[in-house]
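Single-structure report; data block below.
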Number of protein chains: 2
Amino acid sequence: MFTKVLVSEDMEDINKGVHSALCELGVKEIQQVQYCDDAYLKIKKAILDDVPFQLLISDLSFKTDYRTQKFQSGEALIKKLKEECPSLKIIVYSVEDRLQKVRALITDYQVDGYVCKSRRGLNELSKAIKSVLNHTLYLSPEVAQAFNANNNLEIDDFDIQLLKQLSNGLSQEEISTHFKNNNISPSSLSSIEKRLNKLRIEFKANNAIHLVAIVKDLGLI
Amino acid sequence: MFTKVLVSEDMEDINKGVHSALCELGVKEIQQVQYCDDAYLKIKKAILDDVPFQLLISDLSFKTDYRTQKFQSGEALIKKLKEECPSLKIIVYSVEDRLQKVRALITDYQVDGYVCKSRRGLNELSKAIKSVLNHTLYLSPEVAQAFNANNNLEIDDFDIQLLKQLSNGLSQEEISTHFKNNNISPSSLSSIEKRLNKLRIEFKANNAIHLVAIVKDLGLI
DNA sequence: TCCGAAATTACGGAAAACCGTAACATAGTT
DNA sequence: AACTATGTTACGGTTTTCCGTAATTTCGGA
């Protein structure tokens with residue numbers, strides 16, 4: 001079993017749950033952080049001290065508070081860590097169940113496991129840890145299809161970004177120039193119109209106002 | 001302190017966290033369920049057996065799985081319970097922090113506390129329990145403003161109505177005819193334009209989309 | 001009853017959103 | 001290299017929204 005594990009998760013109650021699960025698996029040293037930046041520092045320091053962590057269990061979304069963070073999300077943290085410490089195993093433990101996201105984390109960042117927080121989440125997490133110990137990728141059932149089946153009606157990060165800018169009061173033209181300035185593709189006005197049209201159809205919205213209202217109610221933005 | 005408390009929450013790790021918090025507060029009997037329907041049945045049964053629960057701590061959103069549920073959300077459960085068992089105290093414990101949701105739960109269903117899941121969530125939950133024990137409404141800081149401050153705005157029922165129709169996807173012209181049909185005055189397209197312009201200025205919104213996004217965040221609609 | 005302020009309605013031009021079509025680019029296949 | 005599928009960009013026309021101005025109506029007070 002792993003002997004040194006770090007848990008990065010902002011909610012203290014979930015931290016407790018994960019902690020007890022790790023204890024049951026016989027992990028000797030368990031450390032916990034509630035901020036991505038802390039996770040990064042702890043992991044780097046442990047390497048310098050020659051007592052590195054073997055496994056990181058991390059959430060994706062962290063509520064922002066007064067502490068400004070270098071890493072704005074679990075994703076950013078994971079990206080950096082996988083670049084700098086490829087031997088560190090990483091399991092994502094998140095409510096996020098959009099297949100697009102899971103797919104990206106695995107193909108782009110090579111995470112070693114993805115477990116959806118749910119009723120049986122802790123149980124799944126235990127399975128994932130055992131699996132990762134044997135260098136085998138583990139996906140919890142909710143997202144196991146992330147590679148097999150193709151879910152065509154999915155919302156990706158670009159869509160979210162687009163909807164957010166829209167809800168922030170930017171016109172489609174302003175969004176276009178904003179995307180151009182930030183090297184986000186596609187950025188043409190035409191593409192933005194097309195995407196919004198796709199989203200309107202997907203959410204059965206009459207117009208852009210309706211669309212924003214719907215996705216806000218769904219909690220997507 | 002309460003002696004008999006039910007926790008309704010689908011994630012087992014959060015359940016563990018809440019459980020330990022309740023233990024620390026000295027609650028003797030703690031029961032947990034992961035489905036709304038189970039919560040309802042347990043509460044009703046306890047009343048029939050003359051050993052009722054005094055407090056329910058419930059989440060709002062529950063992941064759906066193979067078990068089909070009569071209550072599709074924590075909200076539905078709470079609504080029903082507050083109708084049938086008004087003496088039961090209810091604290092909502094949820095990640096949901098949109099004010100209109102919180103407002104609705106308090107004004108429409110008279111919940112006794114609302115705590116946002118966050119880094120300090122368990123701590124807030126403890127405070128809430130103590131407060132509710134004294135029959136005092138408790139709102140965690142994230143949502144405390146849901147009632148207190150922001151009431152100096154000059155918006156009337158007509159404005160709310162207008163914004164609601166707008167967020168429902170009706171065009172300004174459709175809203176106009178809708179108002180005419182329902183004898184709501186003013187109803188001309190011109191008046192609707194004028195009102196929306198007033199609201200845009202009042203809320204510093206760039207356009208109608210922005211306006212709807214803002215008032216949704218404020219919980220006005 | 002008349003007056004004036006405020007609300008409502010009407011109108012026209014400019015800007016933005018909406019919608020269909022088509023050209024162009026890119027990646028993967030044979 | 002040619003072909004296909006998909007994604008991106010470009011463009012023109014229609015509708016809706018946005019905004020200023022002005023005419024009309026409503027209503028309380030002198």
Side-chain angles (χ1 to χ4, degrees), chain A residues 99-100 103-104 107-108 147 149-216 221, chain B residues 154-216 221:
Chain A
L99 302 185
Q100 199 76 26
R103 214 184 313 249
T107 58
D108 299 351
F147 289 95
N150 52 340
N151 214 327
N152 50 355
L153 40 103
E154 276 217 4
I155 314 300
D156 60 23
D157 286 345
F158 180 86
D159 294 323
I160 300 288
Q161 191 70 8
L162 183 53
L163 291 167
K164 270 188 185 154
Q165 297 299 339
L166 203 59
S167 75
N168 282 337
L170 273 67
S171 72
Q172 297 181 8
E173 192 142 14
E174 286 169 330
I175 295 175
S176 171
T177 60
H178 171 259
F179 280 179
K180 282 191 176 76
N181 293 340
N182 292 71
N183 289 328
I184 297 171
S185 172
S187 63
S188 75
L189 178 59
S190 190
S191 288
I192 287 168
E193 288 180 0
K194 195 148 286 187
R195 285 287 186 131
L196 284 176
N197 193 43
K198 190 202 74 179
L199 290 170
R200 269 202 304 276
I201 293 169
E202 204 157 318
F203 288 102
K204 305 190 206 322
N206 295 342
N207 53 44
I209 299 175
H210 197 192
L211 177 63
V212 168
I214 289 171
V215 297
K216 268 200 164 294
I221 57 172
Chain B
E154 291 178 21
I155 56 166
D156 56 23
D157 287 345
F158 180 86
D159 293 323
I160 299 290
Q161 191 70 8
L162 183 52
L163 291 168
K164 270 186 185 158
Q165 296 299 339
L166 203 59
S167 75
N168 283 336
L170 274 66
S171 71
Q172 297 182 10
E173 191 141 15
E174 285 169 331
I175 296 175
S176 171
T177 61
H178 171 258
F179 281 179
K180 282 191 174 77
N181 293 339
N182 294 71
N183 290 327
I184 297 171
S185 173
S187 63
S188 74
L189 178 59
S190 190
S191 289
I192 286 168
E193 287 180 0
K194 196 148 286 186
R195 285 285 187 133
L196 284 177
N197 193 43
K198 191 202 75 178
L199 289 169
R200 269 202 304 274
I201 294 168
E202 202 158 319
F203 288 102
K204 305 191 206 320
N206 295 342
N207 53 44
I209 299 175
H210 197 192
L211 176 63
V212 167
I214 290 171
V215 297
K216 267 198 165 298
I221 58 173

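No experiment lies behind these values; they were computed from the predicted model shown. Each chain gets a letter, A, B and so on, in the order the sequences are listed, and its residues count up from 1. Side chains included, hydrogens not; waters and symmetry mates left out as well; all remaining heavy atoms used.
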Item checked: Separation of dC11(D) C1' from Glu193(A) CD (nearest whole Å) -> 10 Å
Item checked: Atom pair distance, as rounded to whole Å: CG in Leu211(A) and P in dC19(C) -> 12 Å
Note to self: Applying the side chain to side chain contact (heavy atoms under 4.5 Å, CB included) criterion to Leu162(A), which one of Leu170(A), Leu196(A), Asp156(A) satisfies it?
What the structure shows: Leu196(A)
Next item on the list: State the CD-CG distance between Glu174(A) and Asn168(A), to the nearest 0.5 angstrom.
Entry: 11.0 Å
Checklist line | Whole-Å distance separating the CD1 atom of Ile192(A) from the P atom of dA10(D) | finding: 12 Å
Margin query: Checking side-chain polar atoms at under 3.5 Å, does Lys194(A) have a donor or acceptor matched by the opposite partner on Ser190(A)?
Written below: no
Note to self: Without decimals, in angstroms, what is the distance between Leu189(A) CG and dT21(C) P?
What the structure shows: 19 Å
Notebook entry, point to check: Want to settle it: does Ser188(B) or Ala208(A) sit nearer the 5' end of DNA chain C, counting the closest nucleotide to each?
Noted result: Ser188(B)
Notebook entry, point to check: Can you find a pair of side-chain heavy atoms, one from Asp159(A) and one from Glu202(A), that are under 4.5 Å apart?
Noted result: no
Notebook entry, point to check: How close or far is atom C1' of dG7(D) from atom CZ of Arg195(A), stated in whole angstroms?
Noted result: 9 Å
Item checked: Distance in angstrom units between Lys198(A) NZ and dC19(C) P, rounded -> 16 Å
Item checked: Side-chain N,O (Ser190(B)) to OP1/OP2 (dA10(C)) below 4.0 Å -> no
Margin query: Under 4.0 Å from OP1 or OP2 of dC18(D): is there any side-chain N or O of Gln172(B) that close?
Written below: yes
Item checked: Rounded distance (Å) that lies between atom P of dT8(C) and atom CG of Asn197(B) -> 15 Å
Next item on the list: Would you mind reading off the distance between Leu162(A) atom CG and dG7(D) atom C1', rounded to a whole angstrom?
Entry: 15 Å
Item checked: Arg195(A) side chain near Pro186(A) side chain, heavy-atom distance below 4.5 Å -> yes
Margin query: Looking at dA17(C), I'd like to know if its phosphate oxygens (OP1 or OP2) sit under 4.0 Å from a side-chain N or O belonging to Arg200(A).
Written below: no
Check: Base, sugar-phosphate, or nothing: which does Ser187(A) touch, judged by heavy atoms less than 4.0 Å apart?
Finding: sugar-phosphate
Next item on the list: For Ser171(B), report the nucleic acid contact type (base, sugar-phosphate, nothing); a contact means any heavy atom under 4.0 Å.
Entry: sugar-phosphate
